[in-house]
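Presented below is the structure to which this report refers.
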Amino acid sequence: YRDCGSRNTLVTVTNARTGSVLFRRYLNFANQMSYTVSIINDGSGISLYTLTDSPCSYNNSGCVRVVNLSPNSGPVDVFLSGIGRLFQNVSQLDSTEYKAVRRGTYRAAVSESLPCPSNSSVIMGDTYVECNNTRIAIMDTSTLNVMTGGTYTLYIIGLAYQFPALQILTIENDAAY
């Protein structure tokens, strides 16, 4: 983390081997705010995705959100074992608000969005999710260890049904507010 104050800051991404500039743009950072800047392939080349790291605190639980950085996944649903569908219809290059999750170890899974209402019963199998007799393959799973007071972002990265494969990258946000 770097304190940039409240101003436009030039962010430059360079190729470590050749030194050539891959991306350069000014980003506006507000004072006393925390941001995460991700380098992404938006389908037409390198770009930056800026996410405001807002504080989150729930009593007796952790905070979990999802960011879909896959350039070809379409909307996705994210599930946690023992809870079910936690996030629905997370579009490409979009993020969710935080949700409270009790302390524990969970199996996180991502699939294409299920074509069923949010209040529908969803079955989470080892390799699929299902509702209303529609079964969709799980594209990736990951273990999520939630601690009370912890703040977590599940990044969906990679390509759906291509290489490099779509995967869940879990980051514990440790910014101090």
Side-chain angles (χ1 to χ4, degrees), residues 27 33-59 61-147 150-173 175:
L27 299 178
M33 295 294 294
S34 178
Y35 299 90
T36 297
V37 179
S38 301
I39 301 170
I40 61 169
N41 179 346
D42 63 7
S44 62
I46 297 292
S47 186
L48 298 181
Y49 182 83
T50 305
L51 183 64
T52 302
D53 293 325
S54 55
C56 177
S57 62
Y58 291 105
N59 290 334
S61 64
C63 300
V64 177
R65 69 178 172 185
V66 170
V67 178
N68 183 357
L69 297 181
S70 172
N72 77 334
S73 69
V76 297
D77 291 348
V78 175
F79 304 83
L80 293 183
S81 58
I83 293 177
R85 183 169 46 188
L86 189 63
F87 297 100
Q88 181 178 9
N89 231 9
V90 183
S91 297
Q92 292 169 249
L93 305 180
D94 199 9
S95 60
T96 67
E97 297 295 323
Y98 286 108
K99 288 193 177 181
V101 174
R102 291 181 315 274
R103 178 185 173 146
T105 300
Y106 299 91
R107 178 176 167 248
V110 61
S111 76
E112 294 177 49
S113 283
L114 284 166
C116 54
S118 59
N119 60 353
S120 296
S121 175
V122 175
I123 298 168
M124 183 178 169
D126 287 338
T127 60
Y128 66 89
V129 290
E130 179 180 347
C131 74
N132 297 339
N133 294 319
T134 300
R135 188 177 279 192
I136 294 180
I138 290 174
M139 293 188 278
D140 190 43
T141 63
S142 178
T143 300
L144 173 63
N145 294 306
V146 176
M147 301 298 291
T151 305
Y152 306 88
T153 302
L154 305 179
Y155 289 94
I156 309 303
I157 61 172
L159 301 173
Y161 310 111
Q162 295 178 27
F163 183 80
L166 188 129
Q167 60 183 304
I168 302 168
L169 174 65
T170 303
I171 303 294
E172 182 175 2
N173 304 2

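For residues 63-72, the pairs satisfying salt bridge (Lys or Arg N to Asp or Glu O under 4.0 Å) are D53-R65, with sequence neighbours left out. Sorted by first and then second residue, the disulfide (SG to SG under 2.5 Å) pairs with a member in residues 93-122 read C116-C131; sequence neighbours excluded.
Using a 4.5 Å cut-off on side-chain heavy atoms (C-beta onward), R107 and M124 make contact. Residues Y155 and L51 form a side-chain contact, since some pair of their non-hydrogen atoms from C-beta on lies under 4.5 Å apart. The side-chain heavy atoms of T96 and V66, taken from C-beta on, include a pair separated by under 4.5 Å.
What you find for A108 and L154 is that their closest heavy atoms are CB-CD1, 4.4 Å. Summarising the geometry of V110 relative to V76, their closest heavy-atom pair is CG2-CB, 3.7 Å, with the distance given to 0.1 Å. Nearest approach of Y98 to Y152, heavy atoms of both residues: CE2-O, 3.9 Å. Here the shortest heavy-atom pairing between E97 and F87 reads O-CE2, 3.5 Å. The shortest heavy-atom contact between S81 and Y106 is O-CD2, 3.1 Å. When all heavy atoms of Y49 and L93 are compared, the pair lying nearest together is CE1-O, 3.4 Å.
Scanning for side-chain hydrogen bond (donor to acceptor under 3.5 Å, both in side chains) contacts around N145 gives T105, with sequence neighbours left out. Every residue meeting the side chain to side chain contact (heavy atoms under 4.5 Å, CB included) condition with I39, not counting sequence neighbours, appears here in chain and number order: V13, I46, L48. Looking at residues two or more places apart in sequence or on another chain, you find a side chain to side chain contact (heavy atoms under 4.5 Å, CB included) between R135 and Y128, E130. In this view, N132 satisfies the side-chain hydrogen bond (donor to acceptor under 3.5 Å, both in side chains) rule with no residue, not counting sequence neighbours. Every residue two or more places apart in sequence or in another chain that forms a side chain to side chain contact (heavy atoms under 4.5 Å, CB included) with A100 is listed here: Y58, S61. In this view, Q88 satisfies the side-chain hydrogen bond (donor to acceptor under 3.5 Å, both in side chains) rule with no residue, not counting sequence neighbours. For the side-chain hydrogen bond (donor to acceptor under 3.5 Å, both in side chains) test, residues two or more places apart in sequence or in another chain that qualify with D77 are R85, S113.
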For residues 156-171, run the donor-acceptor check on the side chains, cut-off 3.5 Å, and write out each pair with its distance to 0.1 Å, sequence neighbours left out.
residue, atom, partner, partner atom, Å
Y161, OH, E112, OE2, 2.6

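Using modelled atom types, no side-chain atom of N173 and backbone atom of P55 make a donor-acceptor pair closer than 3.5 Å.
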